[in-house]
> 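I'd like to ask you about the structure that follows.
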Amino acid sequence: MASPRGEFRSRLGFILAAAGSAVGLGNIWGFPTQAASNGGAAFLITYLLLAFVLAYPALMAELLIGRHTHRNMVMALGSLPKRNALASLGRLTGIGGLITASMILSFYAIVAGWMLGFAASYPLSAAGMASTGDWLVTFSSPRNLALMLLFMILTMAVVLGGVEDGIERWSRRLMPLLIATLTALALYVLTLEGALTGLKIYLLPDFEKVLSGDLLIDALGSAFFSLSLGVGTMLIYGSYLSDAENVPSVGAQVALVDVGIAVLAGFLILPAMYVADARGVPIFNDAGGLLSEDTLIFTVLPALFETMEGAGTWLATAFFALMSIAALTSSISMLEVPVAYLIERHDLSRRNATLLAGGVIAGFSALIVLNFGTLFGWVITISTRYSQPALGILICIFAGWLWQRDALLQELKKNDVDAEQRLFWKIWPLYVKWLCPVIIGVILAQSVL
Ligand code: PHE
């Protein structure tokens with residue numbers, strides 16, 4: 001091996017890194033409006049339930065396989081089954097994960113670049129450089145290209161530092177900053193006129209809406225994307241986890257932080273939208289639903305900040321910096337997937353592996369920028385709607401069917417002699433074996449049909 005394997009220095013470092021991977025653009029631009037439009041607190045409770053009933057077991061499958069093998073996804077899944085044909089299927093699944101993680105990064109870097117552009121544009125405009133500020137927030141290929149490259153360079157710089165000095169160190173710095181900024185912004189916005197209406201819409205439960213099947217399936221899908229499942233990011237982070245840690249418990253903490261931050265984001269986004277409404281900014285689409293996702297972030301909120309004059313500059317800068325941070329702690333986990341593979345399987349140094357994987361992904365991302373209309377939506381659909389759940393099923397099958405029960409128990413016993421007595425051992429193995437593949441299969445079939 002070209003370099004010894006890294007390992008997270010502390011439990012907190014691991015939790016912040018894995019939660020950093022999970023907490024991303026999805027938590028902030030998707031979850032709050034989805035909740036508000038679909039039954040408020042009732043959706044919130046359902047989402048929480050689904051996250052723990054379905055996404056958590058799948059998360060555990062990745063973390064446990066990673067920790068057991070201490071290898072990248074390709075070699076890890078290739079080493080679990082005894083039979084050769086199945087080992088090849090494992091390696092193939094790993095390659096699928098690696099390609100999907102790279103595809104996700106290639107579109108994520110473009111959107112994250114926009115966040116960087118918006119974050120910089122407000123202080124620049126305030127300092128009198130209005131034309132540069134405008135260029136940064138106006139859609140154009142040169143801007144998209146430049147900001148995407150900047151974001152990829154930041155991502156590569158962190159990954160270059162390795163597990164302890166790159167990923168763990170930066171997650172430890174950025175995640176507390178993210179939580180503090182989010183909390184401060186929410187507290188400020190809650191003092192403004194109109195905020196309480198938003199809060200009510202967010203929190204008043206309407207159980208009728210939640211019981212619809214479509215909605216459950218949507219919530220399930222976003223829980224899956226939100227926890228970064230299926231593409232080997234959690235597997236590789238698990239592989240850097242010390243044998244002394246109790247995986248079921250740290251995994252639960254990661255899921256809690258992810259869901260907690262999504263819920264916290266609701267306390268900022270919904271009140272902010274109704275503050276905007278009170279100031280005459282349109283917040284509903286033609287169908288009467290709340291504007292969401294990119295329109296919310298790049299149109300509604302900037303229009304709100306505009307109504308605030310001086311305070312708006314600060315607020316906008318802090319908000320887009322927050323989005324950039326959330327994106328960066330996710331993107332480093334995506335890049336680590338191919339980088340770890342290149343280091344362990346092809347003996348590359350971390351430096352060369354990072355340059356090669358980062359370079360290829362940036363190249364692909366540039367291709368998307370230059371063919372935005374055709375490629376952007378397509379890459380998102382293929383990677384997140386189809387590939388991620390399909391790989392998720394395969395990972396559950398590897399954990400539930402192709403990993404010997406004794407070996408699995410030994411893995412859990414590494415740090416817990418009573419593992420056999422735990423509820424986790426009584427439920428989880430059956431769960432990943434039967435329920436996870438079936439439920440994820442239903443979601444997948446639903447989105448294919
Ligand atoms: N969980 C991240 C988000 O919510 C996205 C992600 C998907 C990250 C897959 C890594 C792997 O934005």
Side-chain angles (χ1 to χ4, degrees), residues 16-35 47 51 55-56 58-59 62-63 66 72-73 94 96-115 151 155 158-159 167 171 174-175 178 182 218-238 251 254-266 269 292-294 297 322-341 357 361 379-392 395 440:
L16 291 179
S21 164
V23 173
L25 303 177
N27 296 57
I28 303 172
W29 90 8
F31 176 81
T33 41
Q34 205 184 9
Y47 181 84
Y56 171 71
L59 170 68
E62 282 202 35
L63 289 179
N72 63 85
M73 186 172 178
L98 190 155
I99 293 174
T100 308
S102 307
M103 278 173 81
I104 295 181
L105 181 52
S106 70
F107 76 76
Y108 213 81
I110 300 173
V111 183
W114 297 339
M115 302 296 172
F151 183 78
T155 304
V158 175
V159 171
I167 296 172
S171 302
L174 295 176
M175 287 306 282
L178 177 138
L182 187 57
D218 269 2
L220 222 49
S222 41
F224 219 73
F225 179 78
S226 178
L227 276 172
S228 314
L229 297 176
V231 297
T233 49
M234 288 302 178
L235 197 154
I236 195 70
Y237 277 13
V254 170
L256 266 180
V257 176
D258 180 49
V259 176
I261 291 186
V263 171
L264 182 58
I269 298 292
S292 64
E293 305 194 344
D294 49 341
I297 302 296
L322 166 84
M323 295 300 279
S324 307
I325 292 172
L328 184 60
T329 54
S330 296
S331 66
I332 54 179
S333 74
M334 298 173 203
L335 183 58
E336 182 64 18
V337 175
V339 166
Y341 168 76
I361 294 170
V379 172
I380 295 182
T381 308
I382 299 281
S383 56
T384 65
R385 272 193 92 144
Y386 302 122
S387 191
Q388 244 190 320
L391 290 164
I395 291 175
I440 302 169

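As the structure lists them, so they are numbered: ligands from 1, and atoms in each ligand from 1.
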> If you measure every N/O of T233 against every N/O of ligand 1, is any gap under 3.5 Å?
no

> Against heavy atoms of N27, which atoms of ligand 1 measure under 4.0 Å?
4 (O)

> Quick one: does any side-chain atom of S387 pair with a main-chain N or O of T384 as donor and acceptor, under 3.5 Å?
no

> A side-chain contact here means heavy atoms from C-beta on lying under 4.5 Å apart; do M323 and V111 qualify?
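Sidechains of V111 and M323: no contact.
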
> Taking only heavy atoms of G26, which atoms of ligand 1 are found under 4.0 Å from at least one of them?
4 (O), 12 (O)

> Closer than 3.5 angstrom, by distance alone: can the side chain of Y108 be matched with the main-chain N or O of L25 as a donor-acceptor pair?
yes

> May I ask you to list the atoms of ligand 1 that are less than 4.0 angstrom from any heavy atom of G24?
3 (C), 4 (O), 12 (O)

> Between M334 and V231, is there a side-chain heavy-atom distance shorter than 4.5 Å?
no

> Numbering the atoms of ligand 1 from 1, which are under 4.0 Å from a heavy atom of Q388?
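Those qualifying, in numeric order: 9 (C).
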
> Suppose I only count heavy atoms of M334 and a 4.0 Å limit; which atoms of ligand 1 are within that range?
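So the atoms of ligand 1 that pass are 6 (C), 8 (C), 10 (C).
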
> Starting from atom 11 (C) of ligand 1, locate the nearest protein heavy atom and write down its residue, its atom name and how far away it is, to 0.1 Å.
S228 CB, 3.5 Å

> Is there a donor-acceptor pair closer than 3.5 Å between any side-chain N or O of N27 and the backbone N or O of D258?
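Here the side-chain-to-backbone pair exists.
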
> Under 4.0 Å from ligand 1, counting heavy atoms only, is it the side chain of V231, its backbone, both or neither?
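The answer is the side chain of V231.
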
> Side chains of V23 and T329: does their closest heavy-atom pair fall under 4.5 Å?
no

> Is there a donor-acceptor pair closer than 3.5 Å between any side-chain N or O of S324 and the backbone N or O of A112?
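Here the side-chain-to-backbone pair does not exist.
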
> Students should be able to answer this: which protein heavy-atom is nearest to atom 12 (O) of ligand 1, and at what distance?
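Looking at atom 12 (O) of ligand 1, the protein heavy atom closest to it is Y108 OH, 2.6 Å.
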
> Atoms of ligand 1 less than 4.0 Å from S21 heavy atoms?
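Once the distances to S21 are compared, the set is 1 (N), 2 (C), 8 (C).
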
> Can you tell me how far apart CG (L227) and CD (Q388) are? Round to the nearest 0.5 Å.
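If I round to the nearest 0.5 Å, the distance is 10.0 Å.
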
> Within the structure, does F225 bring an N/O atom to less than 3.5 angstrom of an N/O atom in ligand 1?
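Among all N and O atoms of F225, at least one is under 3.5 Å from an N or O of ligand 1.
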
> For ligand 1, is there an N or O atom under 3.5 Å from any N or O atom of L25?
yes

> Which heavy atom of the protein is the closest neighbour of atom 4 (O) of ligand 1, given with residue, atom name and distance?
A22 O, 3.1 Å

> Is a side-chain donor or acceptor of S228 paired with a backbone partner of S21 at a separation under 3.5 angstrom?
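Yes, S228 side chain to S21 backbone: donor-acceptor pair under 3.5 Å.
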
